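Numbering starts at 1 and runs along the sequence shown. Small disclaimer: the values here were computed from a predicted structure and weren't measured.
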Amino acid sequence: APHIVIAGVGKVYRAGGREVVALQDIDLAIPRGQFVCLLGPSGCGKSTLLNAVAGFAAPSAGSIRADGRVVDGPGPQRGMVFQEYALFPWMTVAENIAFGLEIKGQPRADIEASVARLLATLSLSDFRGRYPKDLSGGMRQRVAIARVLALDSPIMLMDEPFGALDALTRRNLQDELLRIWAELKKTILFVTHSIEEALYLADRIIVMTYRPGSVKRDLLVDLPRLRD
Ligand code: ADP
Ligand code: ADP
């Protein structure tokens, strides 16, 4: 069975007496281990779809399943990385990464071993005692990725995670992400509005479109891509 199944999903926002149709009749099945980029112009509904898969906002129509179970709220199975890193500012790098493990009630020694491994995986070992405000944007995104990996989430949802980074840092993090994805066999749903980024990362690109003058928003193109 596919890892994620999105069936007939629609989303209508009601704001100030107005209705905005953000998603309409989205059908999408994502196999386990696929790296999917969701590409499209601003406003076409990418974040809405990602948030629905995360369980942050329920769809108005249709259903989403992950691992066969209906998504009806957030859970550790589906880890989210935002563009604006959302790290706890009062916690060090190591504490931010350890947070999810502490919630799970893992023994202290296990937590320390996991954190050390994740710090090494993301080249953060020298920064473990720093606070987010003393890190560059790229380093903060490394911490955000490490935090999701700490939860051992088989599904990684990423909403323009590298959008605010300079080109060189972005390329480094893209390469790290590809390495992690290949090594840990994650299913990744990655939102971007950069065609270049989607071509570099994805083995499947979903292009979402937005028709001006119409409320209809659709999935338009589904491009499988052969990785060499
Ligand atoms: P994208 O991520 O592709 O830029 P979004 O999912 O953020 O698109 O938005 C899709 C549409 O829904 C846009 O028209 C946007 O203005 C609207 N929208 C998003 N969030 C809300 C909200 N909380 N309330 C009302 N409208 C919203
Ligand atoms: P360009 O697309 O700029 O002509 P290449 O396709 O030659 O560049 O790729 C440049 C580098 O990026 C190479 O080291 C290649 O292995 C790597 N690369 C390109 N696409 C991917 C991908 N989808 N996955 C992993 N590495 C990639």
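- Side chain of Thr169 to main chain of Leu165: no donor-acceptor pair is present (N/O by atom type, distance under 3.5 Å, no hydrogens or angles).
- Residue Trp181 holds its CH2 atom at 13.0 Å from CZ of Phe190, rounded to the nearest 0.5 Å.
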(request) Show your working on ring pair (Phe, Tyr, Trp, His ring centres under 6.0 Å) between Phe88 and Tyr131 and close with a plain yes or no. (result) CA-CA 9 Å; Phe88 298 117; Tyr131 288 89; over 10 Å; no

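- Between the Arg78 side chain and the Val53 main chain, a donor and an acceptor come within less than 3.5 Å of each other.
- Here the CG-CE distance, from Leu184 to Met156, works out to 8.5 Å after rounding to the nearest 0.5 Å.
- For the atom pair Ser194 OG and Leu39 CG, the distance stands at 7.5 Å (nearest 0.5 Å).
- In this structure, CD on Glu19 lies 9.0 Å from OG on Ser60, to the nearest 0.5 angstrom.
- The cationic atom of Arg171 (NZ for Lys, CZ for Arg) lies less than 6.0 Å from the six-membered ring centre of Tyr200 and within 45° of the ring axis.
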(message) Between Gln24 and Val12, is the side-chain contact (heavy atoms from CB on, under 4.5 Å) condition met? List the steps.
(response) CA-CA 8 Å; Gln24 201 167 63; Val12 179; over 6 Å; no

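- Using a cut-off of 4.0 Å between Lys/Arg side-chain N and Asp/Glu carboxylate O, Asp159 and Lys46 are scored as not salt-bridged.
- Leu177 is not connected to Leu151 by any chain of hydrophobic side-chain contacts under 4.5 Å among Ile, Leu, Val, Met, Phe, Trp and Tyr, and they are in different clusters.
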(message) Could you walk me through whether Leu189 and Met158 satisfy the side-chain contact (heavy atoms from CB on, under 4.5 Å) test, starting with their C-alpha distance in whole Å, then the side-chain angles of each, then the deciding distance to 0.1 Å, before giving a yes or no?
(response) CA-CA 6 Å; Leu189 192 50; Met158 311 187 80; over 6 Å; no

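- In this structure, SG on Cys44 lies 11.0 Å from NE2 on His193, to the nearest 0.5 angstrom.
- The two atoms that bring Thr187 and Pro31 nearest to each other are CG2-O, 3.9 Å, heavy atoms only.
- Val71 and Gly55 get closest at one heavy-atom pair: CG1-CA, 3.7 Å.
- A donor-acceptor contact shorter than 3.5 Å links the side chain of Gln141 to the backbone of Phe82.
- The side-chain heavy atoms of Cys37 and Leu201, taken from C-beta on, include a pair separated by under 4.5 Å.
- Judged by distance alone, the side chain of Arg142 and the main-chain N or O of Leu122 form a donor-acceptor pair under 3.5 Å.
- Side-chain N or O atoms of Asn51 include none that pairs as donor or acceptor with a backbone N or O of Phe56 at under 3.5 Å.
- For the residue pair Tyr13/Thr48, the side-chain donor-acceptor check at 3.5 Å is satisfied.
- Ile111 CD1 to Glu102 CD: the interatomic distance, rounded to the nearest 0.5 Å, is 4.5 Å.
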(message) Working note: Ile155 + Ile4, criterion side-chain contact (heavy atoms from CB on, under 4.5 Å); need CA distance, chi angles, decisive distance, verdict.
(response) CA-CA 9 Å; Ile155 296 172; Ile4 303 170; 3.7 Å; yes

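- Counting only distance, with no hydrogens or angles, the side chain of Asn96 and the backbone of Thr92 share a donor-acceptor pair below 3.5 Å.
- Partner Leu124 forms a side chain to side chain contact (heavy atoms under 4.5 Å, CB included) with one of Ile145, Val115, Leu119 and no other, that one being Leu119.
- Under the 4.5 Å side-chain heavy-atom criterion for ILVMFWY residues, no single connected hydrophobic cluster contains both Phe99 and Leu149.
- When the side chains of ILVMFWY residues are joined at heavy-atom separations under 4.5 Å, either directly or via intervening members, Phe162 and Leu135 end up in a single hydrophobic cluster.
- Between Glu197 and Arg170 there is no salt bridge, since no side-chain nitrogen of the basic residue lies less than 4.0 Å from a carboxylate oxygen of the acidic one.
- Of all heavy-atom pairs between Arg179 and Thr121, the closest is NH2-O, 2.9 Å.
- Looking at Val9 and Ile64, their side chains come closer than 4.5 Å, going by heavy atoms from C-beta outward.
- Criterion: ILVMFWY side-chain heavy atoms under 4.5 Å apart, direct or through other members. Under it, Leu87 and Met91 are not part of a common hydrophobic cluster.
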(request) Verify side-chain contact (heavy atoms from CB on, under 4.5 Å) between Leu28 and Arg204, making sure each step is shown before the conclusion. (result) CA-CA 12 Å; Leu28 184 60; Arg204 181 182 181 194; 3.5 Å; yes

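- In terms of modelled atom types and a separation under 3.5 Å, the side chain of Lys11 and the main chain of Leu49 share no donor-acceptor contact.
- Hydrophobic clustering places Trp90 together with Ile103 (ILVMFWY residues linked when any side-chain heavy atoms are closer than 4.5 Å, directly or through intermediates).
- Annotation for Gly8 and Asp25: closest pair CA-OD1, 3.7 Å, computed over non-hydrogen atoms.
- Scanning both residues, Val148 and Met80, for their nearest heavy atoms gives CG2-O, 3.6 Å.
- The main-chain N or O of Arg69 is never found under 3.5 Å from a side-chain atom of Asp67 such that the two would form a donor-acceptor pair.
- The two residues Pro132 and Arg140 come nearest to each other via the heavy atoms O-NE, 2.8 Å.
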